[in-house]
Amino acid sequence: MHNKIKVLLVGNPNVGKSALFNALTGKYVAVSNYPGTTVEFTQGEVQYKGNSIEIIDTPGMYSMLPISEEEKVARNLILQGNPDWIVNVVDAKNLERMLPLTFQLIETGIPVILVLNMMDEAKRMGLEIDCEKLSQILGLPVIKTVSIKKIGVKDILNLIINAPYTYKPNSIKYDNEIEQEIEKLINFIKGDYKISKRLLSILLLQKDEEISDLVKVNENEDIIDVANTSRRKLEEVFRVSLDYMIALKRQLVAGEIVQKIFKKVAKEKESKVVSFISAITIHRIWGYPILFLVLYFGLYKFVGQFGAGTLVDFIETNIFEEWLLSGLTNLIEEGIKNDNIKELLIRDYGVITLGLKYAIAIILPIVTTFFLFFSILEDSGYLPRLAFLLDRVFKKIGLTGKAVIPLVLGFGCDTMATMVTRTLNTKKERVIATILLSLAVPCSAQLGVMLAVLSTSSTLLAIWVFILVLIFFIVGYFSKYFIRGEKTIFFVEIPPVRIPKLSNIIIKTYTRLVWYFKEVLPLFIYASLLIWVGRITGIFDLLLKIIAYPLQFIGLPYESAKVFLFGFFRRDYGAAGLYDLHKQGVFNNNQLLILSVMLTLFLPCIAQFIMTVKERGLKMGISIALFVTVFSILTGYLLHLIINVFLGISL
Amino acid sequence: MTELIEKQEEILEQLWISKNEKNKNSVTYEVLGVSKHSEEISSLQKEGLINLDDEKVWLTEEGDRKGEKVVRRHRLAERLLVDVIDVSGKEIHDTACKLEHYLKEGIEDKVCTLLGHPKTCPHGNKIPPGACCNVDVKVGDKYVVPLSSLKFGQKGKIVFISGISDKNLQSLASMGILPGAKIVVKQTFPSYLFGIGNSEFAVDKTVADAVYVRIEKD
Ligand SMILES: Nc1nc2c(ncn2[C@@H]2O[C@H](COP(=O)(O)OP(=O)(O)OP(=O)(O)O)[C@@H](O)[C@H]2O)c(=O)[nH]1
């Protein structure tokens, strides 16, 4: 039995690494038609002809000089992960653009396999690639694949188990002046490293901090100075930044290589439907009505009305209440004598009656429909198009088009979305997006319940939407000025429109749901437990009184305190509480509106708070939470003044 | 280049602006900051570029033509400094004042072409058109302009990228947006969309302003 063989899948974003991972391991990771979905890495194992091979899917990276967080994750896997092989996945039809990364991977000194993926698309575009010649030029094994159809996948595995690696990869030669400095540094490095001294030297020249820290440990301290002097010298000679000089050289060589190995043959006709969709979704005029339609049908009709309405009704009344609940209640009522335990399980706030019911009957259908919707958006390639359409508007609130991804995802789950803000370019953008997610983007569970509660009056619904949109932009607008940071620019790759694969959508929705419920279901149960403890000890009532006190100044009845107390655990939990109370007819419309707005703005759920702290740090997390709370209360008060005192109307 | 000629050119420039943009045909010696008997005034008069009386000076027809050229060179120099060399602030004017005198005919039109026959200087003043500006419309010469000024369907090659941070430059480069790349413009609103090879990219105005392209006609 051999030792485990460790293989890293590395490549630019959106080239099909995850799809290849799935094909290799049979395990599922999110495959999506959006650059940068793999924020963390995924591990899997295959047994192949008696070998066990560990495969790691890394986040997309453009170069070994990392700029974004994802790139850092990917690079660390290469530098520290001790891989036996690097499988460099490229999009065959964009080979020229992707070869520079291949050159850098060659420089690591780790055995590299070049995988030309998406050969089906390349063929459709009329591109033929001379693999043998490419292999010769680069000195690498080259394999063609169509990973979504598992074509060529076995070849990779065969190559991996048939070690030793007999190839002699050809490193790129930079200009003489640069080579001299590289040579100088190589001679300076004495220690043993997992990657080649050549790449270490290049990265030192490029002033890479992590690498500097790494070599500082073992090397003569002078090495950093030497590298900096070299860099300065070179920049004086070339009059541009060295990084740029090097990037240019790599691209130049890539261009030359591609010239030699690409052959244009007749192009297959592009599907008319696909190219029409591709054009119209980003059209300067039609793009916007389509955006509206997508949101209207996707969010409002499908998630809101179908998910939160039809499905919730069905599951709640037909499955949960009639079937599950009545059976269980009877069983417990008869079987258990202790009143406290009954209370814990099946009374008003019981784990089953409240926790499970909210989670399964109300939240599950809503979140499922949302994730279905989102997965379709993602796989079709619509999200970056949305970014393109909205960049201008988003600039006004200190964000760029890229922020649509976390913000739209926020309508599904704010916690997940907060995690995804990592993909934004600057710290300023990340902070603004986090604030907006915490404050003005209701998650699908909450959204669904709010839609249900407010659907009794379309005026209420319209006012609620209006206020939230207004707050979103006002807060965004001011954050732009109050949160310091560099000016942000927008550039994003627009992937081709692809017809989403049903199986992929379903698996993806499923994985997201699993993630969601792992985070969320325990919170629902804990909340029920805490409330139960609170009730039998009397703390609950005390808290209710404390919260209810200030609420009366906003014209809200005593019962609304419950909503806030629940809302502390999760916003949607509070919303679900609101839903129940509303059905009992506790509120008039004015109160309902104020309460809905406040609750939507209110402190994010605990999970999101934790995520915010994790991503943005404790200080920022607490500041945002405080800001949101104060803002929500003030808005409630303001609305009360306007509606009840000033206008004196009842809606 | 003698100092005398530089001073003369500056006087012509001032007179031309006064006449053509401020509707004041003549300028006093006081405003010009020279005396009636100075060398530059007398040699300008000798060349038949200006007329004068005891208080003020005005351009002859020939002087007007020459003045226009000087203004054109000054404003082109400003454009060159701002767009290509990336100078800002007071430097623009001071350097342009020196540079304008070195842009002789021929070079001046080449600079104009390089800049894509700009209509205004960075301060928004009109740049008097030269011979090259009219030729171009007919012949369709190659020239370098920011990506943001290309139209739908236009093709070109990236010549240089300037005016954004090194870090952003680096990320653009790693995505394949760098000098030498052939681009084709696919959309200019609400942001800029262009193709390189078989990929498409969307960028905002800041980036589109920073990427300079030599337009290629096919
Ligand atoms: N036609 C075709 N499409 C493919 C192929 N491989 C992947 N795709 C599609 O390309 C898109 C991107 O695939 P992913 O596997 O998510 O790409 P990735 O490299 O993991 O992307 P990140 O995780 O964002 O870095 C998806 O829509 C896939 O369905 C292929 O061989 N042919």
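Values below: all heavy atoms of this structure, side chains included; hydrogens, waters and symmetry mates excluded. In what follows, chains carry the letters A, B, and so on, assigned in the order in which the sequence lines appear, proteins first and then strands, with residues in each chain numbered from 1.
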Completion exercise
Rounded to the nearest 0.5 Å, the OG atom of Ser174(B) sits from the CZ atom of Arg250(A) at a distance of 10.5 Å
Problem - Heavy atoms from other residues, nucleotides or ligands near CZ of Phe152(B) exceed 12 (cutoff 6.0 Å) - result: no
Handout entry: Residue Lys428(A) excluded, over 12 heavy atoms near NZ under 6.0 Å
Key = yes
Exercise for the section: Kindly check if the number of other-residue, nucleotide or ligand heavy atoms within 6.0 Å of NZ (Lys427(A)) is above 12? Expected result: no
Handout entry: NZ/Lys186(B): more than 12 non-hydrogen atoms of other groups inside 6.0 Å
Key = yes
Handout entry: Polar side chain donor-acceptor pair, Arg97(A) to Ser199(B), under 3.5 angstrom
Key = yes
Handout entry: Part of Gln170(B) within contact of chain A (heavy atom distance under 4.5 Å)
Key = both
Problem - Closest non-hydrogen atom pair, Asp204(B) against Thr488(A) - result: OD2-O, 4.3 Å
Problem - Close side-chain approach of Leu193(B) and Phe388(A), heavy atoms under 4.5 Å - result: yes
Handout entry: Euclidean distance, His283(A) NE2 relative to Gln187(B) CD, rounded to 0.5 Å
Key = 7.0 Å
Handout entry: Any donor-acceptor N/O pair, Glu493(A) side chain to Met175(B) backbone, under 3.5 Å
Key = no
Completion exercise
chain B shares the most heavy-atom pairs under 4.5 Å, among Arg385(A), Glu96(A), Lys395(A), Glu71(A), with Lys395(A)
Exercise for the section: Kindly compute the distance separating CZ (Phe189(B)) from CG (Leu389(A)), expressed to the nearest 0.5 Å. Expected result: 9.5 Å
Handout entry: Distance, nearest 0.5 Å, that separates CZ of Phe490(A) from OG of Ser191(B)
Key = 6.0 Å
Practice task
Give the member of Val258(A), Ile282(A), Leu95(A), Ile285(A) that has the highest number of heavy-atom pairs under 4.5 Å with chain B.
Solution key: Ile282(A)
Practice task
State, with a plain yes or no, whether a side-chain heavy atom of Leu127(A) is found less than 4.5 Å away from one of Asn198(B).
Solution key: yes
Practice task
Could you have a look at Leu178(B), Ile164(B), Thr206(B), Thr188(B) and say which one has the most heavy-atom pairs with chain A under 4.5 angstrom?
Solution key: Leu178(B)
Problem - Side-chain heavy-atom pair Phe491(A), Asn168(B) within 4.5 angstrom cut-off - result: yes
Practice task
Mind checking the NZ-CG spacing from Lys205(B) to Asp391(A)? Nearest 0.5 Å is all I need.
Solution key: 13.0 Å
Problem - Heavy-atom check, side chain of Tyr244(A) versus side chain of Pro179(B), under 4.5 Å - result: yes
